[in-house]
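Here's the structure we're looking at; comments come further down.
Chain identifiers are assigned alphabetically (A, B, ...) following the order of the sequence lines, protein sequences preceding nucleic acid strands; residue numbering begins at 1 within each chain.
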Amino acid sequence: MFDLSDHKIPDRKFFARKTITVASALLGSFVVHDSPEGRAGGIIVESEAYVEYDDPGCHAWRGETKRNRAMFGPPGHAYVYFTYGNHWMFNIVTEKEGTGCAVLIRALEPVEGLELMRKRRPKAKTDEDLTNGPGKLASALGIGKELYRADLLSSPLKIYIPEKRFISKYIKKYGGIVRTTRIGLGENAGAILPYRFYLANHPCVSVRAKGRSVCGN
DNA sequence: GAGACGATTTTCT
DNA sequence: GAAAATCGTCTCG
């Protein structure tokens, strides 16, 4: 398994930057959830940016509501919400407090707690199936409403940033970063904005119909 | 293997 | 009452 002592927990400023910057900077870093059942975690291989000010697809576009309140809070916190009847989504709040922006984590490479994740997702046939979608990874990591607004710097749910060398090697290994349009948004909901990032050849990326790898990088 | 669709709940109009 | 930042299953090739 990976030794997390080589990786550091970012400070608040890491998340306070532009959402697009944070979304791409998160590729190759770790998400770890220490639950009572044990530790589960993986490497981020796909992310999407959602920003309040120029993005009709963002939950915060129409202003603050009870549901999206966490997005307007301080950066580095979790914005977790429920959708489509069954699924939790895990987002990381970005930019300065009062701005409704976040990064949606769409896919991970499972690394820590494989057994626990398999137990949580008995229907997954392969290990890639454990975390190759936003609803799937939340389920595999045991992320639910109790982590709404959790501080990623001090709660059981944390982000670890590996050394720069590790990240560039990892990104290179999987063919570089692709920037393209997001998934699951309607035509009028900012579907054309190139706010999605993923590792070109990574097996865990949830490339769907709309997400053809167009703009290589 | 790809495309269609139903499940199910929270939130807003 | 409808839509939603999805998933799993069913159908047809």
Quiz item: Mind checking what makes salt bridge (charged side-chain N to carboxylate O under 4.0 Å, His left out) contact with A:Glu97, not counting sequence neighbours?
Solution: none
Rounded to whole angstroms, how far apart are [atom1] on [X] and [atom2] on [N]?
X        : N      : atom1 : atom2 : answer
A:Trp88  : C:dA5  : CH2   : P     : 16 Å
A:Lys145 : B:dT9  : NZ    : P     : 12 Å
A:Met89  : C:dA3  : CE    : P     : 19 Å
A:Asn68  : B:dT10 : CG    : C1'   : 13 Å
A:Leu104 : C:dT6  : CG    : C1'   : 11 Å
A:Leu137 : C:dT6  : CG    : C1'   : 12 Å
A:Trp61  : C:dA5  : CH2   : C1'   : 16 Å
A:Arg182 : C:dA4  : CZ    : P     : 14 Å

Under 4.0 Å between a side-chain N/O of [X] and OP1 or OP2 of [N], yes or no?
X        : N      : answer
A:Lys136 : C:dG8  : yes
A:Arg121 : C:dG8  : yes
A:Arg67  : C:dA4  : no
A:His59  : C:dA4  : no
A:Thr65  : B:dT11 : no

Self-check item: Span that lies between the P atom of C:dA5 and that of B:dG3, in whole angstrom
Solution: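 22 Å, rounded to whole Å.
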Identify which nucleotide among [options] has an atom closest to any side-chain atom of [X], counting heavy atoms from C-beta outward.
X        : options             : answer
A:Phe82  : C:dC7, B:dT9, C:dG8 : B:dT9
A:Pro134 : C:dC7, C:dA5, C:dT9 : C:dC7
A:Ile183 : C:dT6, C:dA5, C:dT9 : C:dT6

Nearest heavy-atom neighbours spanning [X] and [Y]:
X        : Y        : answer
A:Asn68  : A:Tyr148 : C-OH, 4.0 Å
A:Met117 : A:Thr131 : SD-CG2, 4.1 Å
A:Leu26  : A:Ile92  : CD1-CD1, 3.9 Å
A:Phe72  : A:Ala60  : CZ-CB, 3.5 Å
A:Leu27  : A:Ile167 : O-CG2, 3.8 Å

Quiz item: Side chains of A:Arg67 and A:Tyr79: does their closest heavy-atom pair fall under 4.5 Å?
Solution: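 Contact flag for A:Arg67/A:Tyr79 side chains = yes.
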Quiz item: What does A:Gly57 touch in the nucleic acid at a heavy-atom separation under 4.0 angstrom: a base, only the sugar-phosphate, or nothing?
Solution: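 Counting heavy atoms under 4.0 Å across all strands, the contact made by A:Gly57 includes a base.
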Self-check item: Touch class at under 4.0 angstrom, heavy-atom based, for A:Tyr79 against every strand present
Solution: base
Exercise. Flag this pair as yes if the NZ/CZ of A:Arg17 is under 6.0 angstrom from the six-membered ring centre of A:Phe14 and inside a 45 degree cone about the axis; otherwise no.
Key: yes
Exercise. Tell me the stems DNA chain C sits in, counting at least three consecutive Watson-Crick or G-U wobble pairs, each under 3.5 Å on both distances.
Key: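 So the stems come out as B:1-7 with C:6-12, B:9-12 with C:1-4.
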Quiz item: Given the rule in the salt bridge (Lys or Arg N to Asp or Glu O under 4.0 Å) test, do A:Arg39 and A:Glu112 qualify, once you have shown the distances and angles that lead to the verdict?
Solution: CA-CA 7 Å; A:Arg39 164 172 282 186; A:Glu112 278 276 343; 5.2 Å; no
N/O to N/O distances under 3.5 Å, protein versus nucleotides 5-7 of chain B:
none

Quiz item: Under 30°, 30 to 60°, or over 60°: which ring-plane class applies to A:Tyr81 and A:His59, parallel, tilted or perpendicular?
Solution: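 A:Tyr81 and A:His59: perpendicular rings.
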